[in-house]
Amino acid sequence: MQAPPAITRPATRATAISAPLPPIAFPEELPVSARRDEIARAIEANPVVIVCGETGSGKTTQLPKICLALGRGRDKLIGHTQPRRIAASSVARRIAQELNTPLGEVVGYKVRFTDHTRPGAAIKLMTDGILLAETQSDPLLAAYDTIIVDEAHERSLNIDFLLGYLKQLLPRRPDLKVIITSATIDAERFAAHFGTAGKPAPVINVSGRLYPVEIRYRPVKDEDDADDRTLMDAIVDAVDECALAGPGDVLVFLPGEREIREAAEALRKHRFGAAGPSPAAGPGTEILPLYARLSAEEQERVFKPAGARRIVLATNVAETSLTVPGIRYVVDTGLARVKRYSYRNKVEQLQVEPISQAAANQRAGRCGRVAAGVCIRLYDEADFAKRPKFTDPEILRSSLAAVILRMKSLGLGDVRAFPFVEPPPARAIADGYDLLAELNAVDEDNELTPIGRELARLPVDPRIGRMLLAARDHHALTEVLIIAAALSVQDPRERPLEAQAAADQAHRKFADEKSDFLSFVKLWNFVAERFEHKKSNRKLTDELKSNFLSPRRVREWREVHSQLAAIAGEMGWRGNSTPATFEQVHLSLLAGLLGNVGFKTLDADYREPPYVGARGIKFFPHPGSALAKKAGKWIVAAELVETTRLFARCLARIEPEWLEQVGAHLVKRHYFEPHWEKRAGHVAAFERATLHGLVLHARRPVAYSRFDPKLCREIFIREALVRGELPDEIARRAPFFAHNRKLAAEIEALEHKSRRPDVLVDEDLVHAFYDALIPPQVCDARGFEAWRREAEKATPRLLFLEREQLM
DNA sequence: TGGGGATTT
C-alpha cells in the first residue's frame with residue numbers, strides 16, 4: 001500500500017529550520033579525537049567506513065560530531081543506531097551535553113514509546129529496530145545523509161537485517177555515508193560485506209583506553225587430579241586468588257540464575273565454614289547477584305560502590321548490557337545459556353554452552369576499565385584455543401519467520417538472494433516459510449496472503465500477531481490484546497530466589513485452573529484497577545511490589561498494550577464490550593499456536609514426558625503453570641523451550657474439535673476400511689485426521705461417496721444387490737429384489753442336491769448384470785431407488801434376473 | 001519439576 005509521501009515521510013529539513021550549529025570540540029583525551037582528520041577523510045572518500053574502537057575509544061560520542069563537523073546532518077539527519085534503548089537515550093544525552101545544547105534540539109533520540117527529536121535536529125540516536133521500522137515508510141531512508149551503525153559486532157537480528165538492507169540500498173543512495181563500528185576482530189567481515197568491485201571498505205582502527213588484563217587459566221579439573229572438584233570449588237578458589245592479588249571488586253560470569261544461587265551459597269559457606277575465613281572474607285565483603293530478572297533495586301546495589309570488597313555474580317547481562325563499575329577481577333566460567341532454534345523439532349533451545357573466544361575476551365575486558373585487571377578463566381588455554389572465534393550471529397540461531405515476513409512486506413525480493421553478512425541456510429529459510437504457512441500468512445507460492453500483509457503491520461512476533469487477527473474475527477480482541485501484550489514482554493511476575501513460596505502465594509489469586517493465558521487477564525484487571533485508583537506513584541509501586549509484580553515490566557506491558565490497541569484502532573478493529581468466552585479467546589490464541597499443541601499420553605510422573613506434540617516431540621508442562629498437575633488431554637502452550645528438558649510454558653486446555661476448525665488448512669485426513677452400512681444404505685469409511693502428525697481422531701465414521709463414488713458404486717452393487725444387504729424398507733418396495741434372491745436360493749439348493757457344493761451362484765455374473773444396467777452416478781440405496789422407479793416405468797422387469805443368466 | 005540477553009511498523 002502506497003500512502004502519500006507527505007504523510008509517510010519522517011520530518012525532514014524541508015519544513016524545518018536547522019538549529020544553528022554549536023561549536024564542536026573534541027575532548028583531546030579520547031583516542032578517537034587524535035584520529036579525527038583521518039576518519040573524516042575516509043568518510044569523505046568512501047561510501048562505507050568501518051571504525052574499530054575498543055571500549056573507551058570515544059567512537060560512540062565522537063563519530064557523530066566528526067560527521068557534523070564535515071557538514072553532514074544539515075539538510076538531512078545523521079542517524080546513529082544503538083542495540084539498546086537505554087544506550088540510545090544516554091548517548092544522545094551525552095552528545096547533547098558535549099555540544100552544550102538541550103536534548104532534542106541538535107541531538108535527539110527515538111526509541112519505542114519515546115520520541116525526543118525535534119524537526120531541525122542534526123543527530124538522531126535510535127535503536128536499530130527503530131531505523132529498521134522506518135524503512136517501511138521511508139524505503140530509501142531519505143531522511144538521513146549519514147547512518148552510523150554502532151556495536152555492529154553484537155550481530156543481533158536487527159543489526160544483520162540492517163547491514164543487508166544498507167548494502168542493497170547504497171547503489172540507490174550515492175550521497176549516503178554509512179559508518180559501521182565494531183570490535184576489531186569483526187572488522188574484516190564487515191569490510192568485505194560492504195566492499196565494492198572486489199575492494200573491501202576501509203577499516204580504521206582506534207585504540208581503546210583499556211588497561212592491560214592478565215589472563216590466568218585455572219581449569220576446574222587438572223589433568224593429574226582425578227578428584228571430584230566442581231565448578232563451584234573452582235569459583236571459590238578463583239575468588240580467593242583474586243582476593244590475595246589485592247583489593248578490588250570481582251565479577252564472576254555464570255550461565256544462569258541457578259548457578260548464581262549455587263555460587264553464592266558456596267562462597268558464603270566458604271567464608272564462614274570450618275576452614276575459617278578465606279582471604280576473600282574481608283570485613284563487609286558483599287556477594288551480589290546480577291541478572292536481568294532481578295528487580296531494579298536489587299540491580300541498583302551493583303552500581304553503588306561500597307567500602308568493602310564486592311563479589312558480583314552475573315549472567316551475560318554484565319557482558320554487554322550493564323557495565324559494573326570498578327571491577328578489577330573477572331572470573332569466567334566460560335559458559336553461557338545460549339538461545340538456539342532447532343529446525344528439526346521447531347522448538348527453541350536454551351542450553352548451557354561454552355562461549356566463543358570473542359565473548360571470553362569481551363568478559364575479560366570488563367576488568368580493565370579503571371586499572372590493570374586480572375581475568376581468571378576456569379578452563380585451560382587449549383580449551384580456549386579450540387573454541388569458535390565468534391559467537392554465532394542471532395540470525396543463524398533464530399526462527400526466520402519474522403524476518404521473511406518483513407522482507408516480503410518491504411518487497412525486498414528473494415530471501416535467498418538478500419545480502420546478509422552471513423546468509424542463513426536454505427533449510428532455515430524453508431522452515432520460516434513453513435511457520436508463515438501455518439499462520440496462513442503465505443500461500444502455496446510463498447507469497448503474502450492478505451493475512452500476511454496485515455501481520456506485517458503489527459510490531460509483534462508473527463504468532464502473536466496472528467492471535468490478534470483471529471481475535472478480531474472471534475470477538476475476543478479485548479482479552480487477546482491483553483494476552484498478546486503480555487506474551488510480548490517479560491513476565492511481570494517476580495519470583496525472587498529467597499521468596500519463591502511467598503511470590504507463588506501472591507500470584508495464586510490470578511491463577512485460572514484451565515488457562516494460564518487467562519491469568520494474564522486477571523492480573524491485568526488487578527493492575528488496571530490499582531492504576532485507576534492510585535493515590536501516588538510511590539504507593540502504587542509499593543502495592544505492585546508487595547504482590548511480587550515488577551513495576552518496570554508492568555509499565556512495559558501497559559505500553560505495548562496501548563501501542564497494539566492504537567494500531568487496532570487505526571485498522572478499525574473493534575474490541576468486544578462483553579467478555580469473550582473461553583472458547584472465543586482460545587480459538588484466537590490457537591490460530592497463532594497450532595504448532596504448540598499437545599496430547600497427553602501418560603500420567604505425569606516426571607520421568608517421561610507426558611505430552612506428545614507436533615512431529616512427535618514429547619514435552620513436560622512447565623512446573624510454573626497453574627495447569628502443571630492437572631492439565632487436560634489436549635493443551636496448547638505459548639511456547640516450547642528446551643532447557644534441562646523440553647518444557648511447555650503458559651498452558652491452556654483446549655478441545656480437539658477446535659483444532660479441526662482453526663487448523664483446517666493443516667489437517668491431513670486419511671480414509672480407510674470403506675464398507676457397506678446396511679441400515680444407512682450407503683458406503684461408510686473411517687477417517688483418521690492428523691495435525692502435524694498429532695492424531696485428532698483415529699476412527700471417525702464418515703459417508704464415503706463424496707471421496708470415492710466409483711468405489712462406493714462397486715461396494716453398493718456387491719453388498720446391497722448381489723449379497724442382498726439392501727435396507728429392508730427399500731427392498732420391500734422393489735419386487736425385482738425378492739425375485740432375484742429367490743432365484744439365487746433355488747439355484748443354490750439345486751446345486752447342493754447335485755452334490756456340487758463348490759459351485760454356487762457366480763457372484764461375478766450377477767455383479768456384471770447390475771453393473772451393466774445401473775448408471776455410473778448411483779452409489780447408495782437412495783440414489784438407486786430413485787433411478788429404479790424411473791427406469792422401471794419404461795421397462796418394469798428391467799432388473800429381473802432369468803434362470804439361464806445364472807447357470 | 002524451574003528460563004541468557006536485547007529489540008519493533
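Values below: all heavy atoms of this structure, side chains included; hydrogens, waters and symmetry mates excluded. Residue numbering restarts at 1 for every chain, and letters A, B, ... go by the order of the sequence lines.
Computed from coordinates, the Asp115(A) CG to dT8(B) P distance equals 12 Å when rounded to whole Å. Residue Arg453(A) contributes atom CZ, which lies 16 Å from atom C1' of dT9(B) at whole-angstrom precision. The interatomic distance linking Lys629(A) (NZ) with dG2(B) (P) rounds to 13 Å, in whole Å. Whole-Å rounding puts the His153(A) NE2 to dA6(B) P distance at 15 Å. Distance Leu294(A) CG to dG4(B) P: 12 Å, rounded to the nearest Å. The separation between Asp160(A) atom CG and dT7(B) atom P is 17 Å, rounded to whole Å. The CG atom of Leu412(A) sits 14 Å away from the C1' atom of dT9(B) (whole-angstrom rounding). In this structure, CZ of Arg155(A) is placed 19 Å from C1' of dG4(B), rounded to the nearest angstrom.
The residue Ala402(A) sits apart from the nucleic acid: no heavy atom pair falls under 4.0 Å. Using a 4.0 Å heavy-atom distance criterion, Glu642(A) is classed as making no nucleic acid contact. Using a 4.0 Å heavy-atom cutoff across all strands shown, Gly624(A) reaches at least one base atom of the nucleic acid. Ile130(A) comes within contact range of the sugar-phosphate backbone alone, with a heavy-atom separation under 4.0 Å but no base atom that close. Using a 4.0 Å heavy-atom criterion, one finds that Glu257(A) contacts the sugar-phosphate atoms exclusively.
A salt bridge links Glu422(A) to Arg189(A): one of the charged nitrogens lies within less than 4.0 Å of a carboxylate oxygen. For the pair Asp461(A) and Arg463(A), the salt-bridge criterion is not met [side-chain N within less than 4.0 Å of a carboxylate O].
Among the nucleotides dG4(B), dG2(B), dG5(B), the one closest to the side chain of Arg495(A) is dG2(B). Closest contact between the side chain of Asn158(A) and the listed nucleotides dA6(B), dT7(B), dG4(B) involves dT7(B). In the set dA6(B), dG2(B), dG4(B), the nucleotide with an atom closest to the side chain of Glu394(A) is dA6(B). Here the nucleotide nearest the side chain of Leu350(A), chosen from dG4(B), dT9(B), dA6(B), is dG4(B). Here dG2(B) is the nucleotide among dT9(B), dG2(B), dG5(B) with the atom lying nearest to any side-chain atom of Phe647(A). Across dG4(B), dT8(B), dA6(B), the shortest atom-to-atom separation from the side chain of Val111(A) is found for dT8(B).
Here the options are Lys76(A), Arg173(A), Glu134(A), the test is side chain to side chain donor-acceptor pair (under 3.5 Å), and the partner is Tyr144(A); only Glu134(A) passes.
Under 4.0 angstrom from either OP1 or OP2 of dT8(B) there lies at least one side-chain N or O belonging to Thr127(A). Side-chain N/O atoms of Arg85(A) include one lying less than 4.0 angstrom from OP1 or OP2 on dT8(B). Taking only side-chain nitrogens and oxygens, Thr643(A) never comes nearer than 4.0 Å to OP1 or OP2 of dG2(B). OP1 or OP2 of dG2(B) lies within a sub-4.0 Å distance of a side-chain N or O belonging to Thr644(A). At the phosphate of dT9(B), OP1 or OP2 sits under 4.0 Å from a side-chain N or O atom of Gln563(A).
Remark: the Arg84(A) side chain and the dT7(B) base include no donor-acceptor N/O pair separated by less than 3.5 Å. No donor-acceptor contact under 3.5 Å links the side chain of Arg645(A) to the base of dG2(B).
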Sequence neighbours left out, cut at 3.5 Å: what donor-acceptor pairs do the side chains of residues 563-572 of chain A make with other protein atoms?
{"residue": "Gln563(A)", "atom": "OE1", "partner": "Arg112(A)", "partner atom": "NE", "Å": "2.9"}
{"residue": "Gln563(A)", "atom": "OE1", "partner": "Arg112(A)", "partner atom": "NH2", "Å": "2.7"}

Quick one: side chains of residues 256-263 of chain A, donor-acceptor pairs under 3.5 Å with protein atoms, not counting sequence neighbours, listed by atom name and distance.
{"residue": "Glu259(A)", "atom": "OE1", "partner": "Gly256(A)", "partner atom": "N", "Å": "3.2"}
{"residue": "Glu259(A)", "atom": "OE1", "partner": "Arg337(A)", "partner atom": "NH1", "Å": "3.3"}
{"residue": "Glu259(A)", "atom": "OE2", "partner": "Arg337(A)", "partner atom": "NH2", "Å": "3.3"}

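Positionally, the nearest nucleotide of DNA chain B for Ala292(A) lies more toward the 5' end than for the other of Asp461(A) and Ala292(A).
Contacts with DNA chain B (heavy atom under 4.0 Å) in residues 334-342 of chain A: Arg337(A), Lys339(A), listed by number.
The side chain to side chain donor-acceptor pair (under 3.5 Å) test applied to Thr127(A) returns no partner, not counting sequence neighbours. Qualifying side chain to side chain donor-acceptor pair (under 3.5 Å) partners for Thr315(A), counting only residues two or more places apart in sequence or in other chains: none.
Every pair passing salt bridge (charged side-chain N to carboxylate O under 4.0 Å, His left out) that includes a residue from residues 353-367 of chain A is listed here, sequence neighbours excluded: Glu319(A)-Arg363(A), Asp332(A)-Arg363(A), Arg340(A)-Glu353(A).
Expressed to the nearest 0.5 Å, how far CG of Asn440(A) lies from CZ of Arg466(A) amounts to 6.0 Å.
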